[in-house]
Amino acid sequence: MRKVIMITKGILRQELGSVRVMMGYLLGVTFLALSLNDFLAYAVDMKEPVNIFEAFIVTENQGTAGRFWILGYLLVIADAPFVKGNTYILLYRSGRRVWNMGMLLYVFLQALMYTMCFAVISVIVNIPYGFPGGIWSSPVYMLATVPSNAIAEKYHIFFEGAAMMKHMTVLQAFGITFLYMLCYFVFLGVLLYVCNLVFGGFWGLAAVAAVHLGGVILSFAAGLHQNSAYFVDGAGSHWRYPGMMLAFILVLALVSLFAVGRVEIQTR
């Protein structure tokens with residue numbers, strides 16, 4: 001395990017200094033800022049304070065926002081399987097499977113940091129307009145319980161979170177929203193890594209694009225959603241999506257452990 005952590009620290013140190021990674025975070029934050037601007041404009045016009053944790057919950061549960069937030073993360077990990085000049089030395093010293101586990105851990109850490117970046121910025125920006133705690137605010141309650149095309153057209157926001165507000169506090173909703181976002185990013189990151197490791201070329205991005213766009217189409221055509229607000233019913237249904245994502249991630253990780261000993265790893 002120590003070798004896995006050391007390999008992950010090494011690739012993390014190399015990648016965080018990359019212009020591509022910095023541009024990925026900047027792109028993601030730009031899309032986040034657009035969503036936050038709509039929410040804060042609504043909060044200001046309502047002339048009532050909002051909970052500082054609500055901005056992240058509402059904006060992440062916007063279907064359009066989530067579809068674009070992924071672009072910055074894909075830019076961050078686009079270099080998978082992260083073969084560097086010192087990779088052959090690491091493979092010789094630690095073995096292929098240990099190196100593979102280090103790369104998987106790196107994908108998880110990047111997904112965690114990317115999600116944390118969104119959550120922290122959402123809270124900080126919302127501080128001048130709100131209050132802390134676990135109580136939902138009146139503006140968000142109105143947004144969730146009073147259907148209004150006027151609000152959607154003027155502020156470009158909606159929040160179908162009436163069930164979430166009924167069965168969860170703001171802090172619980174913030175946590176489950178964070179978990180949904182993290183699970184999805186980890187899944188796509190591991191999928192990209194495994195496909196690039198096994199097939200090389202553009203196949204990783206092609207697989208991720210197919211999965212992501214397929215989810216978008218299903219959300220429109222079949223009403224299948226990935227946002228946490230749609231799964232909260234007071235009966236624990238909101239844990240099904242993270243459980244499903246975890247199963248997919250474990251399967252992909254096992255595939256990578258099987259494949260890493262058989263593929264040819266080439267430096268770029």
Query raised in the report: Between Phe53 and Phe174, how do the two ring planes meet: parallel, tilted or perpendicular, split at 30° and 60°?
Result: perpendicular

Query raised in the report: Parallel under 30°, tilted from 30 to 60°, perpendicular over 60°: which one fits the rings of Phe56 and Trp69?
Result: parallel

**Report entry** Beyond-backbone contact of Leu34 with Asp38, side-chain heavy atoms, under 4.5 angstrom
**Finding:** no

Query raised in the report: Side chains of Glu48 and Ser137: donor-acceptor distance under 3.5 Å anywhere?
Result: no

Requested in this report: Look only at the side chain of Trp136 and the backbone of Met168, and say whether a donor-acceptor pair between them is shorter than 3.5 Å.
Outcome: yes

Requested in this report: Could you tell me whether the side chain of Asn126 and the main chain of Ser122 form a donor-acceptor pair under 3.5 Å?
Outcome: no

Query raised in the report: What distance do Ser256 atom OG and Leu197 atom CG have between them, rounded to the nearest 0.5 Å?
Result: 7.0 Å

Query raised in the report: Can you hop from Leu32 to Leu75 via hydrophobic side chains spaced under 4.5 Å?
Result: no

Query raised in the report: What closest approach, in Å, do Val208 and Leu188 show between heavy atoms, and which atom pair accounts for it?
Result: CG2-O, 3.5 Å

Requested in this report: Might you work through the side-chain contact (heavy atoms from CB on, under 4.5 Å) test for Tyr25 and Gln110, ending with a clear yes or no?
Outcome: CA-CA 10 Å; Tyr25 275 88; Gln110 278 289 14; 2.8 Å; yes

Query raised in the report: Atom CZ in Arg20, atom CE in Met22: separation rounded to 0.5 Å?
Result: 10.5 Å

Query - Nearest atoms (heavy-atom pairs only) where Ile121 meets Val29 - result: CD1-CG2, 3.8 Å

Query raised in the report: Side chains of His167 and Gln172: closer than 4.5 Å at any heavy-atom pair?
Result: no

**Report entry** Phe187 side chain reached by Leu252 side chain, heavy atoms, under 4.5 Å
**Finding:** yes

Query raised in the report: So, Asn51 side chain and Gly133 main chain: donor-acceptor pair closer than 3.5 Å or not?
Result: yes

Query raised in the report: Are Leu74 and Phe199 co-members of a hydrophobic cluster defined by side-chain heavy atoms under 4.5 Å apart?
Result: yes

Query raised in the report: Out of curiosity, Ile176 CD1 to Glu60 CD, how far, rounded to the nearest 0.5 Å?
Result: 11.0 Å

Query raised in the report: Under 6.0 Å between the ring centres of Tyr114 and Phe118?
Result: yes

Query raised in the report: If you group Ile, Leu, Val, Met, Phe, Trp and Tyr by side-chain heavy-atom gaps below 4.5 Å, do Met244 and Val186 land in one group?
Result: yes

Report task. Kindly check if the number of other-residue, nucleotide or ligand heavy atoms within 6.0 Å of CE (Met113) is above 12? Result -> yes

Query - Between CE on residue Met165 and CG on residue Leu143, distance to nearest 0.5 Å - result: 9.0 Å

Query raised in the report: Does a side-chain heavy-atom distance below 4.5 Å link Phe248 with Val190?
Result: no

Report task. Calculate, to the nearest 0.5 Å, the distance between atoms CG and CZ belonging to Leu182 and Phe185 respectively. Result -> 9.0 Å

Query - Over all atoms of both residues, closest heavy-atom pair of Leu257 and Val260 - result: O-CG1, 3.6 Å

Report task. Determine, using the 4.5 Å side-chain heavy-atom cutoff (strictly less than), whether Ile70 and Met116 are members of one ILVMFWY cluster. Result -> yes

Query raised in the report: Parallel, tilted or perpendicular for Tyr193 and Trp99, by the 30°/60° rule?
Result: tilted

Query raised in the report: Which heavy atom of Val50 sits nearest a heavy atom of Ala43, and at what distance?
Result: CG1-CB, 3.9 Å

Report task. Specify the closest pair of heavy atoms between Asn196 and Ala78, including all atoms of both residues, with the distance to one decimal. Result -> ND2-O, 4.3 Å

Query raised in the report: Once you round to the nearest 0.5 Å, how far does CG of Leu191 lie from CD1 of Ile77?
Result: 9.0 Å

Query raised in the report: Should we count CZ of Phe178 as having more than 12 external heavy atoms under 6.0 Å?
Result: yes

Query raised in the report: Any idea which heavy atoms bring Ala55 and Leu36 closest together, and the distance?
Result: CB-CD2, 3.8 Å

Query raised in the report: Is it the case that more than 12 heavy atoms not belonging to Phe258 sit under 6.0 Å from its CZ atom?
Result: no

Requested in this report: Please determine, by modelled atom types, if Tyr106 and Gln14 share a side-chain donor-acceptor pair under 3.5 angstrom.
Outcome: no

Report task. Using the rule that two of Ile, Leu, Val, Met, Phe, Trp, Tyr join whenever any of their side-chain heavy atoms come within less than 4.5 Å, decide whether Leu179 and Leu112 are in one cluster. Result -> yes

Requested in this report: Carefully, step by step, assess Ile135 and Thr169 under the rule side-chain contact (heavy atoms from CB on, under 4.5 Å).
Outcome: CA-CA 6 Å; Ile135 302 175; Thr169 66; over 6 Å; no

Report task. Ignoring hydrogens and angles, tell me if any N or O in the side chain of Tyr241 forms a donor-acceptor pair with the backbone of Cys183 under 3.5 Å. Result -> no

